[in-house]
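Here is the structure we will look at, set down as structure tokens.
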Number of protein chains: 2
Amino acid sequence: MSAPENRRAPAPHPGLGFLPPALLECAQAVTLAAGEVLFRAGDRPERLYFVLDGELILVRVTRGGREVVLQRARSGFLAEASVESRRYHCDGVARRTSCACALPMGAFRKALAADAAFRAAWQKHLTGEIRRLRAQSERLALNSAAERIVHFIESEGEGGAIELRQSVKSWALDLGLTHEALYRALARLERGGEITRNGARVTLASRPRATSR
Amino acid sequence: MSAPENRRAPAPHPGLGFLPPALLECAQAVTLAAGEVLFRAGDRPERLYFVLDGELILVRVTRGGREVVLQRARSGFLAEASVESRRYHCDGVARRTSCACALPMGAFRKALAADAAFRAAWQKHLTGEIRRLRAQSERLALNSAAERIVHFIESEGEGGAIELRQSVKSWALDLGLTHEALYRALARLERGGEITRNGARVTLASRPRATSR
DNA sequence: CGTACTTTTGAATCGCATCAAATCTGGTGG
DNA sequence: CCACCAGATTTGATGCGATTCAAAAGTACG
């Protein structure tokens, strides 16, 4: 408490663990108000944002006023591609009150160029995101709530079980379902013996029920 | 025909353009039969596959015999993450007769380590994939065919228009729709004046119709 | 000309979204 | 400790849109 308040975050978000200390040194925690604009299309990227809490979106607004959301970050980086680009192609907006970690883009690029270990870690992070996103796309293409649930547990969980880190309601967002549909599908699966629930832990039955009965 | 069959591909797929010549030298064109297994979970990655035609999938098979598709590659790399990993975590299977380009993993990693330009290009490719996949996930979370179409054109096209490189039917796969639903939605949008179609070119009307009438 | 595939339209069905409302929960302040 | 509030959880009823099954028409290619 007696230490100065501008001290760097002592225990950063686990997702940021691979950042080199020098980069974490210049990281800044920022609080965004709902509706606040972080950057506009055409701006030069000056910071890379890592969402800690809330929701930041990457959105393209058309001449006709249509809004197309390109990314919805509720945890993790917003617009990784801005590292590679001299200009933003979309707007960045806080959809609700949010907390993020801002990394100066110059320092980030410099660290990437200078630090081979960091480069490797960044590359690993990128391929991991690709893997997750591909799985998510396959999941969202399934057209029943039950299939999406099973797919999620199989692809994001460990050994046919998953520990939910958030409310069921926000899980519904990830699955592209309304929370009502998810609650109902979970209840149906549990009644059918296809899953069991222990608090935040959801486990798949090892042998799926045949469609009999 | 008189030339040896093991000649290297003379004009590789545009998606492979960033590969250094040395790596392209040892690329092999492979033809996979429908159902053919490329690798099993637990295998050591020996080649990185780039799909030219057909469909390769990354699939996890559970003890219960459930099949969960993690990736469906109809064009582009299969399992980029295998570059970072000593073992596959899924099976790789050709879902139908397919043609792919196989890059020896050792040479690929070696080139990554030795060639800074290639490393940068690979990183750029990875971030580009992330951008595309995030947009795709947002798109698949939309629950009307019309919204997905508009989102696709806005995010994958240029200036509110897109040149389709494939049949409408296979576009439907990307949009997570049946082909019937896509045909109907396209016809409805065209009748409503929200899009126009010129052969393979689909253009958004600049000002979206108000919901009036 | 025939085959395979895409494109198109039709009709019936099913599941999810939507709107509504009740219950439960954790946390706050009186 | 209890009243109260915001949010999550749960259940119900209804409508819409996509899926599904079916079939016809158009198109490319040998």
Side-chain angles (χ1 to χ4, degrees), chain A residues 34 53-55 69 72 74-75 95-99 137-152 162-192 194-202 211, chain B residues 34 53-55 69 74 95-98 136-152 162-192 194-202 209 211 213:
Chain A
D53 187 57
E55 182 173 316
V69 176
R72 201 165 24 92
R74 294 185 296 121
S75 158
R95 188 171 261 183
R96 43 193 168 101
T97 307
S98 304
C99 186
S137 286
E138 295 302 328
R139 188 182 313 136
L140 290 172
L142 301 175
N143 40 26
S144 94
E147 284 177 301
R148 291 192 199 172
I149 292 169
V150 171
H151 189 290
F152 185 88
I162 195 164
E163 197 79 32
L164 295 179
R165 284 164 198 172
Q166 39 186 351
S167 67
V168 173
K169 198 172 174 181
S170 60
W171 187 20
L173 280 181
D174 294 330
L175 293 178
L177 297 169
T178 59
H179 62 276
E180 296 99 320
L182 178 53
Y183 283 124
R184 277 188 258 256
L186 281 173
R188 209 175 316 127
L189 285 172
E190 200 169 10
R191 274 199 306 275
E194 308 188 52
I195 64 170
T196 55
R197 282 211 272 172
N198 270 351
R201 188 170 190 76
V202 185
T211 28
Chain B
D53 187 58
E55 182 173 316
V69 176
R74 293 186 298 121
R95 190 172 260 184
R96 42 193 168 100
T97 307
S98 305
Q136 185 176 29
S137 286
E138 295 302 330
R139 187 182 313 137
L140 290 172
L142 301 174
N143 40 26
S144 92
E147 284 178 301
R148 291 192 200 172
I149 291 169
V150 171
H151 189 290
F152 186 88
I162 193 163
E163 197 79 30
L164 295 179
R165 285 166 199 172
Q166 40 185 351
S167 67
V168 173
K169 197 173 174 180
S170 60
W171 187 20
L173 281 180
D174 293 330
L175 292 177
L177 297 170
T178 59
H179 62 276
E180 295 100 321
L182 177 54
Y183 283 123
R184 278 188 258 255
L186 281 173
R188 210 177 314 128
L189 285 172
E190 202 169 9
R191 274 199 305 275
E194 308 187 52
I195 64 171
T196 55
R197 280 210 272 173
N198 269 350
R201 188 170 190 77
V202 185
R209 291 298 163 99
T211 28
R213 213 181 48 100

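Protein chains get the first letters and strands the later ones, always in sequence-line order, with residue 1 at the start of each.
In this view, B/T97 and B/A34 satisfy the side-chain contact (heavy atoms from CB on, under 4.5 Å) rule, not counting sequence neighbours. For B/A146, the side-chain contact (heavy atoms from CB on, under 4.5 Å) criterion is met by B/S144, B/L189, not counting sequence neighbours. Contacts of B/R74 classified as salt bridge (charged side-chain N to carboxylate O under 4.0 Å, His left out), with partners at least two apart in sequence or in another chain: B/D174. The salt bridge (charged side-chain N to carboxylate O under 4.0 Å, His left out) test applied to B/R188 returns no partner, not counting sequence neighbours. Every side-chain contact (heavy atoms from CB on, under 4.5 Å) that B/L140 has, sequence neighbours left out, goes to A/S137, A/L140, B/Q136, B/R148. For the salt bridge (charged side-chain N to carboxylate O under 4.0 Å, His left out) test, no residue two or more places apart in sequence or in another chain qualifies with A/E180. A search for ring pair (Phe, Tyr, Trp, His ring centres under 6.0 Å) contacts involving B/F152 returns B/W171, not counting sequence neighbours. Taking B/E163 as the reference, B/R201 meet the salt bridge (charged side-chain N to carboxylate O under 4.0 Å, His left out) condition, with sequence neighbours excluded.
Look at CG on B/L186: it is 8 Å from P on C/dT8, rounded to the nearest Å. Per the geometry, NE2 belonging to A/H179 stands 12 Å off C1' belonging to C/dA21, to the nearest Å.
Considering CG of B/L177 and NZ of B/K169, their distance stands at 14.5 Å, rounded to 0.5 Å. Here the CG-CD distance, from B/L186 to B/E194, works out to 11.5 Å after rounding to the nearest 0.5 Å. Expressed to the nearest 0.5 Å, how far CD of B/E55 lies from CG of B/L173 amounts to 7.0 Å.
Closest heavy-atom contact between B/A185 and B/I149: CB-CD1, 3.8 Å. Annotation for B/V69 and A/H151: closest pair O-NE2, 2.8 Å, computed over non-hydrogen atoms.
Within a heavy-atom distance below 4.0 Å of DNA chain C, the residues of residues 164-173 of chain B found are B/S167, B/V168, B/K169.
In summary, contact between chain B and DNA chain D, defined as any nucleotide atom under 4.0 Å from a heavy atom of the protein, begins and ends at D/dA18 to D/dA22 in the 5' to 3' direction.
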For nucleotides 11-19 of chain C, which of its nitrogen or oxygen atoms have a protein nitrogen or oxygen under 3.5 Å away, and what is each distance?
from   : atom 1 : to     : atom 2 : distance (Å)
C/dA11 : N6     : B/R184 : NH2    : 3.4
C/dC16 : OP1    : A/A145 : N      : 2.6
C/dA17 : OP2    : A/T178 : N      : 3.2
C/dA17 : OP2    : A/T178 : OG1    : 3.0
C/dT18 : O4     : A/R184 : NH2    : 3.1
C/dC19 : N4     : A/E180 : OE2    : 2.9

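With the end axes of the helix from C/dC1-D/dG30 to C/dG30-D/dC1 each set by five pairs, the angle from one to the other reads 40° at 10° resolution.
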